[in-house]
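What follows is one structure encoded as structure tokens, with my remarks underneath.
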Number of protein chains: 2
Amino acid sequence: MTPANLAPAESAIDIDAQQIRDAIRDAIVERRLAPGTKLSETDVGSLFKVSRTLVRAALQALSYEGLISVEKNRGAFVASPSVAEAQQIFATRRLLEPVILREAAPHIGKTQVTELRALLAEEERLTNQRGAPARRAEIKASGDFHLAVAAMSGNAILKRFMDELVARSSLVIALYGQSVISSCGHSEHQQIVDALETKDVATACALMLQHIDHIEADLDLRPARKGSDLKDAFHL
Amino acid sequence: MTPANLAPAESAIDIDAQQIRDAIRDAIVERRLAPGTKLSETDVGSLFKVSRTLVRAALQALSYEGLISVEKNRGAFVASPSVAEAQQIFATRRLLEPVILREAAPHIGKTQVTELRALLAEEERLTNQRGAPARRAEIKASGDFHLAVAAMSGNAILKRFMDELVARSSLVIALYGQSVISSCGHSEHQQIVDALETKDVATACALMLQHIDHIEADLDLRPARKGSDLKDAFHL
DNA sequence: AAGCGCGATATTGTATACAATAATAGGCAA
DNA sequence: TTGCCTATTATTGTATACAATATCGCGCTT
């Protein structure tokens with residue numbers, strides 16, 4: 001499969017590695033590229049009208065983020081996190097997000113609440129809209145909420161860690177998600193903002209943990225899936 | 001300055017990007033390469049007897065880790081974290097290391113304690129040894145202790161986050177450290193292991209925070225240093 | 001003498017060419 | 001027909017060539 005669904009409107013002249021990286025990352029996060037999809041250097045290159053050099057740079061960067069895996073002499077593939085990796089990703093989010101919330105809380109005033117509510121509004125708008133593009137935008141918007149909170153912590157390092165975790169979460173949801181319905185309960189984000197607005201950090205943290213639980217509850221993280229249990233797959 | 005102190009014994013045939021990256025990272029972490037040092041692509045390439053292609057790949061990877069900064073059309077330099085960055089690095093360690101400790105604690109049994117004590121013994125051996133190479137090894141060993149604990153958490157993602165933080169901490173210490181003496185109080189590591197051995201996680205966390213405080217206390221993180229305050233520098 | 005501008009030089013950015021490895025298909029033998 | 005082996009093809013890995021940009025030094029001007 002040659003991904004023809006990669007470059008939205010990047011026909012602007014003079015693409016650089018960073019833009020390619022962002023375009024591919026967006027495509028992965030919005031699930032236009034399925035886990036396992038091969039990203040051939042020449043294909044991607046011709047798509048963006050650049051040489052393999054820049055493509056390789058972009059792919060290398062994405063592999064560092066854990067969004068693609070490059071196999072020596074075989075090429076780059078959109079990552080398919082194993083069950084174990086999926087569990088680690090969410091375990092890490094459970095550990096980090098409360099910490100981030102506590103860090104961010106002191107910096108959250110009227111301005112920040114307004115900013116977060118704007119994100120919520122956008123989420124809601126997308127929820128009420130139908131069609132695949134809206135679903136994709138919704139996935140991204142849902143992640144953006146978590147990232148916005150992380151940014152408010154004022155700690156760029158934490159923000160970067162969350163960038164990675166949110167992006168990889170999207171992959172996990174693509175692989176193991178069951179309900180087609182939105183990945184993130186929108187109302188839960190709302191409740192978290194409410195708690196933040198009243199400076200009730202403890203409640204906000206509790207809600208965040210519940211929220212992550214709910215996301216993970218929608219996942220089917222049973223061991224199978226890895227070819228080994230073929231008989232099991234047919235037996236039922 | 002062309003770094004002649006980079007490749008220890010890498011004359012082994014067929015170096016790849018990963019090895020170059022590791023060699024440079026070690027050189028940075030062990031402070032054989034000072035912050036601000038320029039890493040010219042051709043120089044590094046001829047040093048390892050590879051083309052610029054591989055060097056660029058290695059440099060790109062290191063820039064993701066925050067160990068070097070690449071300026072467009074100007075080249076790559078060993079990073080010199082600003083005061084603000086330095087503070088964020090340590091702030092993040094203060095947030096993460098207790099979390100890691102709590103995660104690791106359940107997995108720490110006799111075997112793990114033995115492993116940690118072996119690291120402590122190595123640290124002590126180096127402390128009692130004189131000469132620059134021993135000092136370098138000591139810096140690395142001190143970081144290795146923190147990384148070993150992170151590894152015991154069983155969470156590869158947390159481990160990777162700590163990899164980055166420990167490496168960058170080494171840069172900060174190189175830049176802002178005052179005492180020439182060892183960066184990490186060795187006895188503090190020992191106390192932490194003692195607490196872990198008795199499953200006293202709360203104490204271990206408290207000791208860890210104190211430990212980080214002590215490291216940071218040895219730093220001179222006053223704003224100056226950035227050229228702007230020349231008059232201040234001479235005034236005193 | 002100091003400052004400015006311009007040309008020479010060196011270094012990085014990108015594309016391409018070549019080498020090495022893996023995937024594929026076809027044919028041969030059992 | 002099935003299985004294996006080989007030749008072919010395609011793709012990645014690495015080096016090199018060329019283009020673009022920045023740096024440095026020289027000479028000119030004021």
Side-chain angles (χ1 to χ4, degrees), chain A residues 1-4 6-7 10-24 28 33-65 67-80 227, chain B residues 1-4 6-7 10-24 28 33-65 67-80 227:
Chain A
M1 163 188 179
T2 296
L6 239 173
E10 304 288 2
S11 15
I13 46 163
D14 254 31
I15 304 287
D16 72 347
Q18 178 78 17
Q19 290 174 276
I20 297 173
R21 171 177 154 236
D22 289 344
I24 298 180
I28 294 176
L33 286 175
T37 306
K38 166 145 192 175
L39 297 170
S40 148
E41 296 180 354
T42 42
D43 287 356
V44 177
S46 57
L47 210 62
F48 288 97
K49 309 241 196 302
V50 295
S51 77
R52 285 174 49 213
T53 307
L54 292 185
V55 176
R56 276 179 81 85
L59 293 179
Q60 195 187 328
L62 289 166
S63 116
Y64 188 78
E65 298 180 53
L67 288 184
I68 71 175
S69 74
V70 298
E71 297 174 32
K72 187 173 169 71
N73 283 320
R74 281 190 24 87
F77 304 83
V78 178
S80 343
Chain B
M1 164 189 177
T2 297
L6 239 174
E10 303 288 0
S11 16
I13 47 162
D14 255 29
I15 303 288
D16 72 346
Q18 178 77 21
Q19 290 173 277
I20 297 172
R21 172 176 154 238
D22 289 345
I24 298 181
I28 294 177
L33 286 176
T37 306
K38 166 145 193 177
L39 297 169
S40 149
E41 296 180 354
T42 43
D43 287 355
V44 176
S46 58
L47 210 60
F48 287 96
K49 306 232 196 306
V50 295
S51 77
R52 283 174 49 214
T53 306
L54 292 185
V55 176
R56 277 181 79 85
L59 292 178
Q60 197 187 329
L62 288 166
S63 104
Y64 299 142
E65 299 179 52
L67 288 184
I68 71 176
S69 73
V70 297
E71 297 174 33
K72 187 171 168 74
N73 283 319
R74 282 189 24 88
F77 304 82
V78 177
S80 343

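Throughout, protein chains are lettered first and strands after them, A, B, ... in sequence-line order, and every chain is numbered starting at 1.
Taking each heavy atom of B:Ser80 and B:Gly36 in turn, the nearest pair found is OG-N, 3.7 Å. The minimum heavy-atom distance between B:Leu54 and B:Ala17, with the atom names listed, is O-CB, 4.0 Å. The heavy-atom pair separating A:Arg56 from A:Glu41 by the smallest distance is NH1-OE2, 2.7 Å.
What separates CD of A:Glu41 from P of D:dT11 is a distance of 11 Å, to the nearest Å. When rounded to the nearest whole Å, the span between CZ of B:Phe77 and C1' of C:dT11 equals 10 Å. Separating the CD atom of A:Gln60 from the C1' atom of D:dT12 is a distance of 14 Å, rounded to the nearest angstrom. As a whole-Å value, the separation of A:Asn73 CG from D:dT12 P is 10 Å.
For the pair B:Lys38 and D:dA22, the criterion of a side-chain N or O lying under 4.0 Å from OP1 or OP2 is not met. In terms of phosphate contacts, A:Arg74 brings a side-chain nitrogen or oxygen within less than 4.0 Å of OP1 or OP2 of C:dA23.
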Under 3.5 Å, which protein N or O atoms sit close to an N or O of nucleotides 14-17 of chain C? Give each pair with its distance.
from: C:dA15; atom 1: OP2; to: A:Ser51; atom 2: N; distance (Å): 3.1
from: C:dA15; atom 1: OP2; to: A:Ser51; atom 2: OG; distance (Å): 2.9
from: C:dA15; atom 1: N7; to: A:Thr53; atom 2: OG1; distance (Å): 2.6

Subject >> Trace of the side chain to side chain donor-acceptor pair (under 3.5 Å) decision for B:Gln60 with B:Tyr64 >> reply: CA-CA 7 Å; B:Gln60 197 187 329; B:Tyr64 299 142; 2.3 Å; yes

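Side chains of B:Ile24 and B:Leu59 form a contact here, defined as non-hydrogen atoms less than 4.5 Å apart.
Distance check: A:Ile28 CD1 to A:Leu33 CG gives 6.0 Å after rounding to the nearest 0.5 Å.
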